[in-house]
Undergrad: 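Starting off with a structure, shown below.
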Amino acid sequence: MDTHPRKIRTVIALVTVFAATACAAPQYEKPIGTFATATSDAQAALASYSRGIIAAQEDSTRNSAVAAPYRVRSLAGECGPTSTRCRLVFDQQQGDPSPLYQPQDDPSPAVSSTASELRRVVTFMAAVSKYTESLNAIATADTAATVDRNLSASGASVAKIAALMPGESASSPTGYERSSFATIGWIRFDALKQAVSRADPVLAKADAAFGAAVQQATVAMQAHMADVVAARRAAFRARSTRENLERVTAAAEAYDSFLRNEATPDAVLKELVKAHANLNKALQSSDTSVTKLAEQMSAFQTHANRLAKILTDLQTAQRS
């Protein structure tokens with residue numbers, strides 16, 4: 001029996017499928033681009049938050065050191081003529097030392113602190129940002145080679161993300177065979193499905209891995225801002241000038257805005273997980289509303305931008 005007509009029908013069917021996918025794939029460029037930008041914004045905001053926490057802790061520790069100078073010491077074996085490090089700490093009454101100065105790029109923090117835990121979150125977000133850069137590159141690729149290169153890069157980033165989570169690991173890429181009729185649209189779409197489905201089980205556990213750290217960071221920032229307001233209120237009472245009034249007002253307004261803002265580090269982390277889950281669901285579904293997906297990615301970006309703004313306001317208030 002002549003199978004030629006059957007082959008022709010098969011070819012036509014494949015071409016139709018690839019053509020349909022090619023039309024659908026570009027629709028994901030914008031939401032994935034938004035997701036990548038939002039992740040980068042969130043990383044920058046959390047890095048700023050980490051620096052703010054470190055500065056706040058150092059400020060508090062230095063104030064305590066002025067009141068009790070006999071508690072200032074160097075870490076064991078440091079600050080001597082043959083030492084390789086020199087870090088000063090302040091012994092708290094409860095026995096835990098706090099660093100008087102903690103280098104931002106120190107791979108081995110002098111002590112365990114909320115700031116050092118938050119640094120783990122910043123490192124995690126940096127890896128996620130690299131991963132989303134790869135997704136964006138896949139979504140906008142114009143050659144199969146570019147898709148393959150960034151699919152591999154996304155897998156490497158997910159492996160780094162998994163390594164930051166105790167007991168977590170990322171699945172290995174499964175690879176796929178392409179028909180000679182595959183369009184660049186189909187290649188991009190299939191690669192996105194692979195990359196995102198591989199990453200989602202890992203990112204889904206981000207809140208469990210880092211949620212406590214970002215919540216502690218929020219509490220620490222609140223305590224610091226409360227101290228700033230109290231100190232400036234005391235300064236105003238001691239010397240009731242217009243300048244001191246404006247300084248305490250600025251601090252109170254910034255703290256109040258922080259308390260009323262829903263975009264806390266914890267909320268941003270949760271929005272990241274939710275946005276990625278929505279992206280994965282959309283890529284695996286045949287009846288996804290790309291408009292709705294774009295709105296979901298924008299919601300994550302809004303949280304990241306709000307966090308960045310509130311931190312900028314806090315830093316401005318502290319400098320004034």
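Because only heavy atoms are used, hydrogens play no part in the values below, and waters and symmetry mates are left out as well, while side chains stay in.
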Undergrad: Using 0.5 Å steps for rounding, measure from the OH atom of Tyr255 to the CD1 atom of Ile310.
TA: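 That separation rounds to 11.5 Å.
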
Undergrad: Give a yes or no on whether the backbone of Glu253 and the side-chain of Ser257 come within a donor-acceptor separation of less than 3.5 Å.
TA: no

Undergrad: Ala127 and Lys160: which non-hydrogen atoms are nearest, and at how many Å?
TA: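 Residues Ala127 and Lys160, closest heavy atoms: CB-CB, 4.4 Å.
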
Undergrad: Quick one: are Leu279 and Leu135 in side-chain contact, heavy atoms under 4.5 Å?
TA: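 Result yes, sub-4.5 Å side-chain heavy-atom pair found.
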
Undergrad: Got a second to check how far Ile32's CD1 is from Ile138's CD1, nearest 0.5 Å?
TA: 8.0 Å

Undergrad: Would you call Gln222 and Leu259 a side-chain contact if the rule is heavy atoms closer than 4.5 Å?
TA: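 With C-beta onward as the side chain, the pair touches.
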
Undergrad: Do Val273 and Met165 land in one hydrophobic cluster if side-chain heavy atoms of ILVMFWY residues count as linked below 4.5 Å?
TA: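 Not linked; separate clusters.
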
Undergrad: For the residue pair Leu151 and Ala195, what are the closest heavy atoms and their distance?
TA: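 It is CD1-CB, 3.8 Å.
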
Undergrad: A side-chain contact here means heavy atoms from C-beta on lying under 4.5 Å apart; do Asn261 and Leu307 qualify?
TA: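 No, side chains not in contact.
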
Undergrad: Give, for atom CE of Met297 and atom NE2 of His276, the distance between the pair rounded to the nearest 0.5 Å.
TA: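 Spacing of CE (Met297) from NE2 (His276) equals 9.0 Å.
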
Undergrad: side-chain contact (heavy atoms from CB on, under 4.5 Å) with Ser157: which residues, sequence neighbours excluded?
TA: Lys130, Tyr131

Undergrad: Would you say that Val128 contacts Gln43 through its side chain, given a criterion of any heavy-atom pair below 4.5 Å between the two side chains?
TA: no

Undergrad: Asp207: what forms a side-chain contact (heavy atoms from CB on, under 4.5 Å) with it, not counting sequence neighbours?
TA: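 Partners of Asp207 by the side-chain contact (heavy atoms from CB on, under 4.5 Å) criterion, ordered by chain and then number, come out as Asp266, Leu269, Lys270.
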
Undergrad: Listing request: all ring-ring contact (aromatic ring centres under 6.0 Å, His included) pairs with a residue in residues 205-253, at least two apart in sequence or in separate chains.
TA: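 The answer is Phe124-Phe210.
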
Undergrad: Report yes or no: does Ser285 contribute a side-chain atom to a donor-acceptor pair with the main-chain N or O of Lys281 at less than 3.5 Å?
TA: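 Side chain of Ser285 to backbone of Lys281: no pair is present.
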
Undergrad: Please enumerate all residues that pass side-chain contact (heavy atoms from CB on, under 4.5 Å) together with Thr82, with sequence neighbours excluded.
TA: none

Undergrad: Out of curiosity, Arg73 CZ to Cys79 SG, how far, rounded to the nearest 0.5 Å?
TA: 10.5 Å

Undergrad: Under 4.5 Å between side-chain heavy atoms, hopping through other hydrophobics if needed: is there a path connecting Val202 to Val122?
TA: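 Cluster IDs for Val202 and Val122 match.
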
Undergrad: Say you draw a straight line from NE2 of His303 to NZ of Lys274; how long is it, rounded to the nearest 0.5 Å?
TA: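 Answer for the NE2-NZ pair, His303 versus Lys274, is 7.5 Å.
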
Undergrad: The criterion is ring-ring contact (aromatic ring centres under 6.0 Å, His included); which residues satisfy it with Tyr49, sequence neighbours excluded?
TA: none

Undergrad: Looking at Ser40 and Ala36, would you say the former's side chain and the latter's main chain have a donor-acceptor pair under 3.5 Å?
TA: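 Checked: no pair found.
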
Undergrad: Under a 4.0 Å N-O cut-off, is there an ion pair linking Glu246 with Arg242?
TA: yes

Undergrad: Do Asn244 and Arg232 make a side-chain contact, defined as non-hydrogen atoms from C-beta onward lying under 4.5 Å apart?
TA: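 With C-beta onward as the side chain, the pair stays apart.
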
Undergrad: Measure across Leu283 and Leu192 and return the closest heavy-atom pair with its distance rounded to 0.1 Å.
TA: CD1-O, 3.7 Å

Undergrad: Do any side-chain atoms of residues 61-69 form donor-acceptor pairs under 3.5 angstrom with protein atoms, and if so which ones, sequence neighbours left out?
TA:
{"unit_1": "Thr61", "atom_1": "OG1", "unit_2": "Gln57", "atom_2": "O", "d": "2.8"}
{"unit_1": "Arg62", "atom_1": "NE", "unit_2": "Leu100", "atom_2": "O", "d": "3.1"}
{"unit_1": "Arg62", "atom_1": "NH2", "unit_2": "Leu100", "atom_2": "O", "d": "3.0"}
{"unit_1": "Asn63", "atom_1": "ND2", "unit_2": "Asp59", "atom_2": "O", "d": "3.3"}
{"unit_1": "Ser64", "atom_1": "OG", "unit_2": "Ser60", "atom_2": "O", "d": "3.2"}

Undergrad: Using atom types as modelled and distance alone, determine if a side-chain donor or acceptor of Ser48 lies under 3.5 Å from a backbone N or O of Ala44.
TA: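 Not at all, since once roles are kept as given, no pair shorter than 3.5 Å links the two residues.
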
Undergrad: Do side-chain atoms of Thr146 reach the backbone of Asp142 as a donor and acceptor pair under 3.5 angstrom?
TA: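 It does not hold such a pair.
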
Undergrad: So, do Gln296 and Leu293 sit near enough that their side-chain heavy atoms are less than 4.5 Å apart?
TA: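 With C-beta onward as the side chain, the pair touches.
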
Undergrad: Under the side-chain contact (heavy atoms from CB on, under 4.5 Å) rule, what do Phe300 and Thr39 come out as? Steps first, then yes or no, please.
TA: CA-CA 8 Å; Phe300 170 41; Thr39 304; 3.6 Å; yes

Undergrad: How close do Met225 and Ala251 get, heavy atom to heavy atom, and via which atoms?
TA: CE-O, 3.9 Å

Undergrad: Between Glu295 and Lys292, is there a salt bridge with N-O shorter than 4.0 Å?
TA: no

Undergrad: Can any side-chain N or O of Ser129 pair as donor or acceptor with the backbone N or O of Met125 at less than 3.5 Å?
TA: no

Undergrad: Quick one: pull up NZ in Lys193 and CG in Asn280 and give me the separation to the nearest 0.5 Å.
TA: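 Going from NZ on Lys193 over to CG on Asn280, the span is 10.0 Å.
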
Undergrad: Grab the two heavy atoms, one from Asn150 and one from Ser134, that are nearest each other, plus how far apart they are.
TA: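 Answer, listing the atom of Asn150 first, then Ser134: O-CB, 3.5 Å.
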
Undergrad: Which heavy atom in Leu118 sits nearest to a heavy atom in Ser50, and how many Å separate them?
TA: CD2-CA, 3.4 Å

